[in-house]
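Worksheet: one structure, shown below.
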Amino acid sequence: MRHLRAAAAVTLAIAVAAGVTGCGGGTSSSGGGGSNESPKTLTYWASNQGPSIEADKKILAPELKKFEEETGIKVKLEVVPWADLLNRILAATTSGQGPDVLNIGNTWSASLQATGALLPWDEKNFESIGGRDRFVDSAVASAGKEGEPPAAVPLYSLAYALYYNKAMFAEAGITEPPATWDQLVADGKKLSKDGKWGLGAEGANLSNNIHQVFVLGKQHAADFFDESGKATFTSDGAVAAVKQYVDLMAEDKVIAPGNAEYAQNQSLTDFAKGRTAMVLWQAAASTFAAQGMKPEDWGVAPVPVRSGTPGTGTHTNSMVAGINMAVFKNTKNIDGAKKFVKFMTSDAEQKLLNKTYGSIPPVKAAQADAAFAAPDLKVLRDTLSTSAAPLPQVPNESQFETAVGTAVKELWAEAAAGKPITTETVKARLDKAQQTMQP
């Protein structure tokens, strides 16, 4: 079933890239909406940032109420799981049945920009929310194709870090977090016993698969696309990266076989419950707190590299992660939508929401707040500034996530079933994925 959903996403991406533009969601298709003349409601698709859908609703509800009190505009909220979000957005760009405002992964910006469905954030639109210079440059750069007005506005900035359970490390006699992959595997083997495991993964989450293999690809000197934007999924470096990732389960056996089916943050639950000692994640503090962990229970370190220390090039250890906020340009309540974006990116809301989620504000004034100088957030900030690389800013990036993400998911399933994962197996899966890509 999930494979069919992935295929549908590819088909939709191809369709919109071929010229289905000007479509989109908005109050016109949602019913009961407002307009510039008589604003009533906005529909908002928020991405799942916290430990659960319900947790996000509780976090966002008082803020949306605050916005309603300030503007008279009621926001109808739907929190969409990450596993479903891209498919939902792609469907909305073609059907017109979508929200007024939505969150998108920043890696999707160029792909969704190519549909023509999203409001371009030109100088005039940026001025309506306080100006482009309020935002960190790298965050704006991840909101669309270079040289064109961004397709969205940065909302949360993120990078990957390695979270580790201090008590489990101490019990295994491990005194510090691993700095290289060889060290992680060695530590993971010490930790993987008595029903507990060294590392967690989300094997059925296509986006998470892409994030991890992209970083490993950089460490193997592979980008998955050449300078002209042509897919190079079967390069030696790309194949080595995917094999290294899946081998954490297949060969190294530091990831539980059940993780092949995870797609809804189950690896974080396992970590919080002491079933897994390490996890690679973008911002996990709020989830750990919600599941009963105290800040002193866990530590955070940079994601490992092959050798040496994190940096640029083959020492990259994270993709430039983040959540952007977009507006469907055919909404009948464009003024209300821009007011909502302005509210969500205000200094006060940026401090509150990013502090709650454990992310970094892309708004300069908010980022300077002392709340974002905590040790775990310092790792994220340092990673973003020194050793993170953006995913390919190509129009078919969403196809890349679906095609390669699915290939990795299928390899996880084979590893979980005890099948050997050979270089030839990986290359065949990636070749199949590459055949689905459109220029």
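We number each residue from 1, following the sequence as shown. Because the structure is a prediction, the values reported are computed rather than measured. Just the heavy atoms: all of them, side chains too, but no hydrogens, waters or symmetry mates, feed the values below.
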Would you check if T422 and V426 make a side-chain contact, meaning some heavy-atom pair closer than 4.5 Å?
no

For the atom pair CG (L384) and OG (S318), what is the distance rounded to the nearest 0.5 Å?
6.5 Å

Test applied, side-chain contact (heavy atoms from CB on, under 4.5 Å); reference residue, F328; option that passes from V101, L119, T93, D100:
T93

With sequence neighbours left out, what residues match R381 under salt bridge (charged side-chain N to carboxylate O under 4.0 Å, His left out)?
none

With sequence neighbours left out, what residues match Q244 under side-chain hydrogen bond (donor to acceptor under 3.5 Å, both in side chains)?
H220

For residues 420-429, pull every pair meeting salt bridge (Lys or Arg N to Asp or Glu O under 4.0 Å), keeping only residues two or more places apart or in separate chains.
E410-R429, E414-R429

Interatomic distance, F340 atom CZ to M344 atom CE [nearest 0.5 angstrom]:
4.5 Å

For L206, is there any backbone N or O sitting under 3.5 Å from a side-chain donor or acceptor partner on E401?
no

Would you say the side-chain atoms of T232 and S235 include a donor-acceptor pair closer than 3.5 Å?
no

For residues D56 and Y357, determine if any side-chain heavy atom of one lies less than 4.5 Å from a side-chain heavy atom of the other.
yes

Using ring centroids (six-membered ring only for Trp), state whether W298 and F288 fall under 6.0 Å.
yes

Atom NZ of K58 with >12 non-hydrogen neighbours under 6.0 angstrom
no

Contact check, side chains of W197 and I255, non-hydrogen atoms, under 4.5 Å
no

Would you find more than 12 non-hydrogen atoms of other residues, nucleotides or ligands less than 6.0 Å from E171 atom CD?
no

Can you spot which of D223, T316, T314, N317 makes a side-chain hydrogen bond (donor to acceptor under 3.5 Å, both in side chains) with K218?
D223

Residue pairs passing the salt bridge (Lys or Arg N to Asp or Glu O under 4.0 Å) test with at least one member in residues 311-328, sequence neighbours excluded, are none

At their closest point, which heavy atom of G358 faces which heavy atom of L377, and how far apart are they?
O-CD2, 3.1 Å

To the nearest 0.5 Å, what is the distance between OG1 on T406 and CG on L411?
11.0 Å

Quick one: CG on L280 to CG on L199, what's the gap to the nearest 0.5 Å?
5.5 Å

Going by the rule salt bridge (charged side-chain N to carboxylate O under 4.0 Å, His left out), which residues pair with E148 if we only count those two or more places apart in sequence or in a different chain?
none

Tell me whether the centres of the aromatic rings in Y163 and W281 are closer together than 6.0 Å.
no

Pairing donors with acceptors under 3.5 angstrom, does anything connect the side chains of S111 and Q399?
no

Can you name the closest pair of heavy atoms from A285 and D376 and give their distance?
CB-OD2, 4.1 Å

Look only at the side chain of D270 and the backbone of R275, and say whether a donor-acceptor pair between them is shorter than 3.5 Å.
no

Which pair of heavy atoms, one from L118 and one from A326, lies closest together, and at what distance?
CD1-CB, 4.0 Å

Hey, could you give me each pair passing salt bridge (Lys or Arg N to Asp or Glu O under 4.0 Å) that has a residue in residues 291-315? Not counting sequence neighbours.
none

Does S398 offer a backbone N or O that forms a donor-acceptor pair with the side chain of T402 under 3.5 Å?
yes

Report, as yes or no, whether the 6.0 Å neighbourhood of atom CG on D226 holds more than 12 heavy atoms from other residues, nucleotides or ligands.
yes

Does D382 have any salt bridge (charged side-chain N to carboxylate O under 4.0 Å, His left out) partners at least two apart in sequence or in another chain, and if so, which?
K378

Parallel under 30°, tilted from 30 to 60°, perpendicular over 60°: which one fits the rings of H211 and Y160?
perpendicular

Minimum-distance pair of heavy atoms, taken over all atoms of Q264 and A83
NE2-CB, 3.7 Å

Which residues pass the salt bridge (charged side-chain N to carboxylate O under 4.0 Å, His left out) test with D252, sequence neighbours left out?
none

Spacing of K409 atom NZ and N208 atom CG [to the nearest 0.5 Å]
13.5 Å

Close side-chain approach of H315 and P310, heavy atoms under 4.5 Å:
no

Would you list the pairs meeting ring-ring contact (aromatic ring centres under 6.0 Å, His included) in which at least one residue belongs to residues 391-431, sequence neighbours left out?
F224-F400, F225-F400, F233-F400, Y245-W412

Here the pair of heavy atoms bringing E202 nearest to L268 is OE2-N, 4.4 Å

Give a yes or no on this: more than 12 heavy atoms of other residues, nucleotides or ligands lie within 6.0 Å of atom NZ of K230.
no

So which atom in A46 and which in L60 form the shortest heavy-atom distance, rounded to 0.1 Å?
CB-CD1, 3.8 Å

Heavy-atom distance under 4.5 Å between the side chains of N165 and M293, does that happen here?
yes

Whether the side chain of T115 engages the backbone of A117 through a donor-acceptor N/O pair (distance < 3.5 Å, no angle test) should be reported.
yes

CG on L64 to NZ on K74, rounded to 0.5 Å
9.0 Å

A side-chain contact here means heavy atoms from C-beta on lying under 4.5 Å apart; do V327 and W121 qualify?
yes

I would like to know whether Y156 and N103 meet side chain to side chain donor-acceptor pair (under 3.5 Å); could you show each step before the answer?
CA-CA 10 Å; Y156 311 123; N103 289 1; 5.0 Å; no

For the residue pair Q49 and S47, confirm or rule out a side-chain donor-acceptor distance under 3.5 Å.
yes

Under a 4.5 Å cut-off applied to non-hydrogen side-chain atoms, are P99 and W45 in contact?
yes

Among K351, K355, E349, Q350, find the one that has a side-chain contact (heavy atoms from CB on, under 4.5 Å) with L353.
E349

Write out all pairs satisfying salt bridge (Lys or Arg N to Asp or Glu O under 4.0 Å) with one or both partners inside residues 178-188, taking only residues at least two apart or from two chains.
none

Ring centroid separation for W108 and W82, is it under 6.0 angstrom?
yes

CA sep, side-chain torsions, deciding dist, call: N324, S109, side chain to side chain donor-acceptor pair (under 3.5 Å)
CA-CA 8 Å; N324 294 340; S109 295; 3.1 Å; yes

Residues that K145 engages under side-chain hydrogen bond (donor to acceptor under 3.5 Å, both in side chains), provided they are two or more places apart
none

Please answer whether the main-chain N or O of P81 pairs with a side-chain N or O of N48 as donor and acceptor at a distance below 3.5 Å.
no

Partner set under ring-ring contact (aromatic ring centres under 6.0 Å, His included) for Y262, not counting sequence neighbours:
none

Taking atom types as modelled and ignoring hydrogens, do the side chains of S359 and N354 form a donor-acceptor contact shorter than 3.5 angstrom?
yes

Does the side chain of F214 reach to within under 4.5 Å of the side chain of P392, using non-hydrogen atoms?
yes

